[in-house]
Amino acid sequence: MKIAIIGGGLAGCAVAFVLKQAGVTPVVYEAGSTLASGASGNDVGLYNPRFTAERSAQSDYFTSAFSMALRVFASLEGINFNPCGALHLVNDEKKARRFSKCVSNWGWSERRMRMVDAVEASEIAGIDIDYDAMFLPQSGSVSPRKLCKAYMCGIDYHVNARIDDMEALEADVVILACGPAISHFLPDLPIGAVRGQITQVRANEASEALNTSVCYGGYMSPAFDGQHIVGSTFQRWLHHSDVMRQDDIDNLAKLADNVPALREGLEVVGSRASVRATSKDHFPIVGQVSSTISPDIYISGAHGSHGLLSSLMAAHLITDMILERAYCLGMNTVDALAPRRFGV
């Protein structure tokens with residue numbers, strides 16, 4: 001079976017990794033000059049589920065994805081895996097309701113998710129936190145760029161390889177994992193683009209005490225190699241990856257508003273902007289395209305800001321489909337992910 005994967009970011013590299021584990025040898029085609037040249041190219045990325053108040057196909061997907069990612073990340077070397085935990089601040093009434101219901105309805109043990117008051121949140125963080133929070137002790141960060149490299153160990157790939165015609169690949173199966181560019185092949189699929197910019201700041205005496213990731217609508221990572229990542233802007237109206245100084249100002253302003261203990265003295269030392277893909281209903285698009293033509297077409301896309309978890313779970317489901325194995329997810333979740341929900 002000849003399997004071609006279009007896209008060398010997290011989505012494409014993850015499915016190549018899982019296929020190789022299953023005994024299949026895919027080939028990856030990346031339009032950029034390196035793997036992870038787009039939204040997957042950050043040096044630090046936080047992994048957290050997408051939280052919902054109720055149990056749903058979406059919560060079941062991210063519950064499975066979170067557990068899967070913890071096992072895989074721990075097994076890989078050189079990806080800067082740091083399960084430092086994450087505090088999600090309850091900084092408005094909407095989050096208070098959603099986080100409380102999430103903890104009650106998801107059924108996770110306290111070892112994986114619990115509510116904490118501001119005093120305990122401060123003890124966990126190592127700095128003063130003014131809000132109650134939802135705490136995930138097993139959340140943390142990896143390097144998305146290094147994760148892509150680890151996924152691709154021993155797998156054939158081509159960079160500077162822009163594909164415009166799937167049939168030219170002469171493959172039995174083509175997997176579209178190229179972010180917003182999926183729309184080039186399937187223009188009727190409602191995949192949107194969202195620009196985001198992260199800000200790198202030099203750690204100072206106050207910020208070095210931060211023990212865990214803090215999320216508040218933006219986020220800040222603990223220091224690594226003397227730097228923190230502060231992010232991220234969310235701009236549906238912009239589709240470029242040029243760095244904008246105002247975005248750094250906005251990222252630091254949001255941090256100061258939510259974590260006043262880190263208000264002063266953070267020096268910007270770098271920035272990176274990229275464009276992520278999202279769907280109309282904010283849920284990934286994963287599965288086979290309804291088509292009788294050859295080659296068979298599968299999609300791993302619209303992972304948004306949760307690609308570290310979502311792309312790996314999608315890779316397992318697509319591998320199950322291609323190899324006609326029992327699915328790793330329930331059919332309610334499989335149906336909710338399927339491209340056919342958009343008529344494709």
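Here the structure is a predicted model, which means the values were calculated and not measured. Computation of the quantities below employed the complete heavy-atom set of this structure, encompassing side-chain atoms and omitting hydrogens, waters and symmetry-equivalent molecules.
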[X] with [Y], same ILVMFWY side-chain cluster at under 4.5 Å:
X: Leu176; Y: Val173; result: no
X: Val286; Y: Leu186; result: no
X: Ile198; Y: Leu46; result: yes
X: Val28; Y: Ile163; result: no
X: Met244; Y: Val268; result: no

>> Ile318 and side-chain contact (heavy atoms from CB on, under 4.5 Å): which single residue from Ile5, Leu323, Ile3, Val15 fits?
In response: Val15
> Can you check side chain to side chain contact (heavy atoms under 4.5 Å, CB included) on Tyr219 and Asn48, steps first, answer last?
Replying inline: CA-CA 11 Å; Tyr219 62 84; Asn48 287 287; over 6 Å; no
To the nearest 0.5 Å, tell me how far [X] [atom1] sits from [Y] [atom2].
X: Leu210; Y: Ile127; atom1: CG; atom2: CD1; result: 5.0 Å
X: Leu87; Y: Met220; atom1: CG; atom2: CE; result: 13.5 Å
X: Arg162; Y: Cys178; atom1: CZ; atom2: SG; result: 9.5 Å
X: Leu312; Y: Leu308; atom1: CG; atom2: CG; result: 9.5 Å
X: Ile182; Y: Ile297; atom1: CD1; atom2: CD1; result: 11.5 Å
X: Leu136; Y: Arg111; atom1: CG; atom2: CZ; result: 11.5 Å

Between [X] and [Y], is there a side-chain N and carboxylate O pair less than 4.0 Å apart?
X: Arg114; Y: Glu120; answer: yes
X: Arg340; Y: Asp335; answer: yes
X: Asp320; Y: Arg325; answer: yes
X: Lys146; Y: Asp43; answer: no

Could you check whether any side-chain heavy atom of [X] comes within less than 4.5 Å of a side-chain heavy atom of [Y], counting everything from C-beta outward?
X: Met134; Y: Val90; result: no
X: Ile322; Y: Met1; result: yes
X: Leu309; Y: Met68; result: no
X: Phe234; Y: Val194; result: yes
X: Met113; Y: Gln138; result: no
X: Val344; Y: Ile285; result: no
X: Ser141; Y: Asn80; result: no
X: Ile191; Y: Lys280; result: no

Quick check: are there more than 12 heavy atoms from other residues, nucleotides or ligands sitting under 6.0 Å from [atom1] of [X]?
X: Arg341; atom1: CZ; value: yes
X: Asp117; atom1: CG; value: yes
X: Gln246; atom1: CD; value: yes
X: Phe342; atom1: CZ; value: yes

For [X] and [Y], which heavy atoms make the closest approach, and how far apart are they?
X: Ser271; Y: Val243; value: CB-CG1, 3.6 Å
X: Lys95; Y: Leu89; value: CD-O, 3.6 Å
X: Ala4; Y: Leu169; value: CB-CD1, 3.8 Å
X: Ser310; Y: Pro284; value: OG-CG, 3.1 Å
X: Ser139; Y: Ala86; value: CB-CB, 3.6 Å
X: Thr52; Y: Ser59; value: OG1-CB, 3.4 Å

Distance-only donor-acceptor check, side chains [X] and [Y], under 3.5 Å:
X: Ser37; Y: Glu30; result: yes
X: Ser67; Y: Arg112; result: yes
X: Ser122; Y: Asp128; result: no
X: Lys254; Y: Asn258; result: no
X: Asn42; Y: Arg145; result: no

>> Going by side-chain contact (heavy atoms from CB on, under 4.5 Å), name the residues that satisfy it together with Asn204, two or more places apart in sequence or in a different chain.
In response: Ala206, Ser207, Leu266
>> Using ring centroids (six-membered ring only for Trp), state whether Tyr61 and Phe283 fall under 6.0 Å.
In response: yes
> Are the ring centres of Trp106 and Phe66 closer than 6.0 Å?
Replying inline: no
Say whether, by atom type as modelled, one donor and one acceptor occur between the side chain of [X] and the main chain of [Y] under 3.5 angstrom.
X: Ser40; Y: Leu10; answer: yes
X: Ser213; Y: Gly140; answer: no
X: Thr333; Y: Leu329; answer: no
X: Asp132; Y: Ala118; answer: yes
X: Thr212; Y: Gly85; answer: yes

>> Arg195: which residues meet the side-chain hydrogen bond (donor to acceptor under 3.5 Å, both in side chains) condition with it, sequence neighbours left out?
In response: Gln197, Gln235, Asp247
>> Test side chain to side chain contact (heavy atoms under 4.5 Å, CB included) on His228 and Gln200; report intermediate values, then the result.
In response: CA-CA 6 Å; His228 304 274; Gln200 299 162 271; over 6 Å; no
> Arg55 and side chain to side chain donor-acceptor pair (under 3.5 Å): which partner among Thr63, Asp60, Asn105?
Replying inline: Asp60
> Yes or no on side chain to side chain contact (heavy atoms under 4.5 Å, CB included) for Leu317 and Tyr327, after CA distance, side-chain angles and deciding distance?
Replying inline: CA-CA 6 Å; Leu317 178 59; Tyr327 291 170; 4.1 Å; yes
>> Under the criterion side chain to side chain contact (heavy atoms under 4.5 Å, CB included), I'd like the reasoning laid out for Phe135 against Met115: C-alpha separation, chi angles, the key distance, then a yes or no.
In response: CA-CA 6 Å; Phe135 180 46; Met115 299 301 299; over 6 Å; no
>> Could you go through Arg202 and Gln227, starting from their C-alpha distance and side-chain angles, then the distance that decides it, and tell me whether this counts as side-chain hydrogen bond (donor to acceptor under 3.5 Å, both in side chains)?
In response: CA-CA 5 Å; Arg202 194 183 313 280; Gln227 295 183 8; over 6 Å; no
> ring-ring contact (aromatic ring centres under 6.0 Å, His included): which pairs involve residues 15-51, sequence neighbours left out?
Replying inline: Phe17-Tyr151, Tyr29-His158, Tyr47-Phe73, Phe51-His88, Phe51-Phe99
